[in-house]
Amino acid sequence: MGARAGLVAAMALVLAACDGSQPLIKPKAKEPGPFPAADRPVANIVSSRWSTEEARDRLDEAARVMDMADIRPGMTVADLGAGEGYYTTRLAARVGKDGRVLAEDIVPAVRDALAERVARERLENVSVRLGLPADARLPANSFDRIFMVHMYHEIAQPYEFLWRLRPALRPGGLVVVVDAERSTQNHGTPPALLRCEFAAVGYAQVSFREMPSAGGYFATFRAAGERPEPAEIRACRMEAQR
């Protein structure tokens with residue numbers, strides 16, 4: 001092929017790329033955001049456990065929480081911030097062989113230790129994975145219940161976290177929160193602040209019960225209406241929630 005013929009061929013390829021067909025290089029999908037920052041302190045992750053399993057079982061904590069959350073055989077449940085697996089193991093027994101539990105933590109060493117426990121106890125209906133601080137990375141339309149026990153106050157970007165979490169709920173699915181009724185810097189979440197932050201991302205509170213045996217309260221939320229665009233989310237002011 002001569003130089004002139006080569007030039008003509010090259011020009012033909014350029015023109016073909018401009019004919020309205022699919023681009024040769026696909027643009028990277030735009031990430032949602034930015035999300036508003038939380039107007040509150042964030043508690044540090046200080047331990048993979050809230051209390052000993054023996055002490056919690058003496059108060060019948062997990063059984064009572066699972067009863068109030070209406071956990072039944074065959075359900076699919078996520079346990080976020082699963083830690084050492086106190087709820088993971090008990091949820092696995094409650095949902096049974098036809099149910100599934102996805103246990104997630106954002107600390108690799110904690111995730112690995114939990115995976116070893118799951119393998120050791122032969123919990124065949126449990127999967128363990130690593131999440132991200134602002135994204136639990138849950139598959140869409142997959143969960144009947146999503147548990148967040150004594151960990152909500154450790155979420156540094158609650159609006160992004162809850163926004164990304166919403167699609168994972170099945171129709172009628174609930175987010176279950178157990179936390180202490182104290183300030184976030186003291187490892188709790190004031191109930192009014194919790195309701196406000198969930199509502200800002202399009203959740204409605206379904207239930208709320210005081211639960212001293214679990215260190216504070218039990219609350220559930222469902223997705224309500226359309227998920228707002230990140231730019232539409234307004235941060236809750238902590239001072240107004242006291």
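As a basis for the values below, the full set of heavy atoms in this structure was taken, side chains included, without hydrogen atoms, waters or symmetry mates.
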Does a side-chain heavy-atom distance below 4.5 Å link [X] with [Y]?
{"X": "K97", "Y": "N125", "answer": "no"}
{"X": "P167", "Y": "R227", "answer": "yes"}
{"X": "R56", "Y": "V65", "answer": "no"}
{"X": "V95", "Y": "V77", "answer": "yes"}
{"X": "R117", "Y": "T89", "answer": "yes"}
{"X": "D70", "Y": "R145", "answer": "yes"}
{"X": "E104", "Y": "L130", "answer": "no"}
{"X": "T189", "Y": "V177", "answer": "no"}

Verdict with supporting geometry, R222 and L169, side-chain contact (heavy atoms from CB on, under 4.5 Å): CA-CA 8 Å; R222 62 174 175 82; L169 287 169; 6.0 Å; no

Could you grab the distance from atom [atom1] of [X] to atom [atom2] of [Y], nearest 0.5 Å is fine?
{"X": "L80", "Y": "E154", "atom1": "CG", "atom2": "CD", "result": "12.5 Å"}
{"X": "D79", "Y": "D105", "atom1": "CG", "atom2": "CG", "result": "9.0 Å"}
{"X": "F161", "Y": "E197", "atom1": "CZ", "atom2": "CD", "result": "12.5 Å"}
{"X": "R94", "Y": "D67", "atom1": "CZ", "atom2": "CG", "result": "4.5 Å"}
{"X": "R137", "Y": "L102", "atom1": "CZ", "atom2": "CG", "result": "11.0 Å"}
{"X": "R237", "Y": "R40", "atom1": "CZ", "atom2": "CZ", "result": "13.0 Å"}

Compare every heavy atom of [Y] with every heavy atom of [X], then report the nearest pair and how far apart it is.
{"X": "V126", "Y": "A92", "result": "CG2-CB, 3.5 Å"}
{"X": "A219", "Y": "F208", "result": "CB-CD1, 4.0 Å"}
{"X": "P36", "Y": "A235", "result": "CB-CB, 4.1 Å"}
{"X": "E61", "Y": "M211", "result": "O-CE, 3.9 Å"}
{"X": "S207", "Y": "F218", "result": "OG-CE2, 3.8 Å"}
{"X": "P158", "Y": "Y152", "result": "CB-OH, 3.5 Å"}

Working note: D57 + R90, criterion salt bridge (charged side-chain N to carboxylate O under 4.0 Å, His left out); need CA distance, chi angles, decisive distance, verdict. CA-CA 11 Å; D57 277 346; R90 287 152 181 80; 2.8 Å; yes

N-O pairing of R164 and E160 below 4.0 Å: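 A salt bridge is present here (some side-chain N lies under 4.0 Å from a carboxylate O).
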
Measure from the side-chain N and O atoms of [X] to the backbone N and O of [Y], and report whether any donor-acceptor pair falls under 3.5 Å.
{"X": "Y203", "Y": "R166", "answer": "yes"}
{"X": "T184", "Y": "P41", "answer": "yes"}
{"X": "S142", "Y": "A140", "answer": "yes"}

Run the numbers on D179 and H150 for side-chain contact (heavy atoms from CB on, under 4.5 Å), then give the verdict. CA-CA 5 Å; D179 213 343; H150 293 296; 4.1 Å; yes

What about [X] and [Y], same hydrophobic cluster or not, with Ile/Leu/Val/Met/Phe/Trp/Tyr joined at side-chain heavy-atom distances under 4.5 Å?
{"X": "L114", "Y": "I106", "answer": "no"}
{"X": "M151", "Y": "V175", "answer": "yes"}
{"X": "V128", "Y": "Y87", "answer": "yes"}
{"X": "M75", "Y": "V149", "answer": "yes"}
{"X": "M66", "Y": "V101", "answer": "yes"}

Going by the angle between their ring planes, with limits at 30° and 60°, are F198 and F221 parallel, tilted or perpendicular?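 The rings of F198 and F221 lie parallel, inter-plane angle below 30°.
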
As a quick check of understanding, evaluate side-chain contact (heavy atoms from CB on, under 4.5 Å) for M68 and V178, giving each step before the final call. CA-CA 11 Å; M68 289 190 291; V178 176; over 6 Å; no

For the side-chain contact (heavy atoms from CB on, under 4.5 Å) test, which of L174, L138, T220, V176 pairs with I146?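 That would be L138.
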
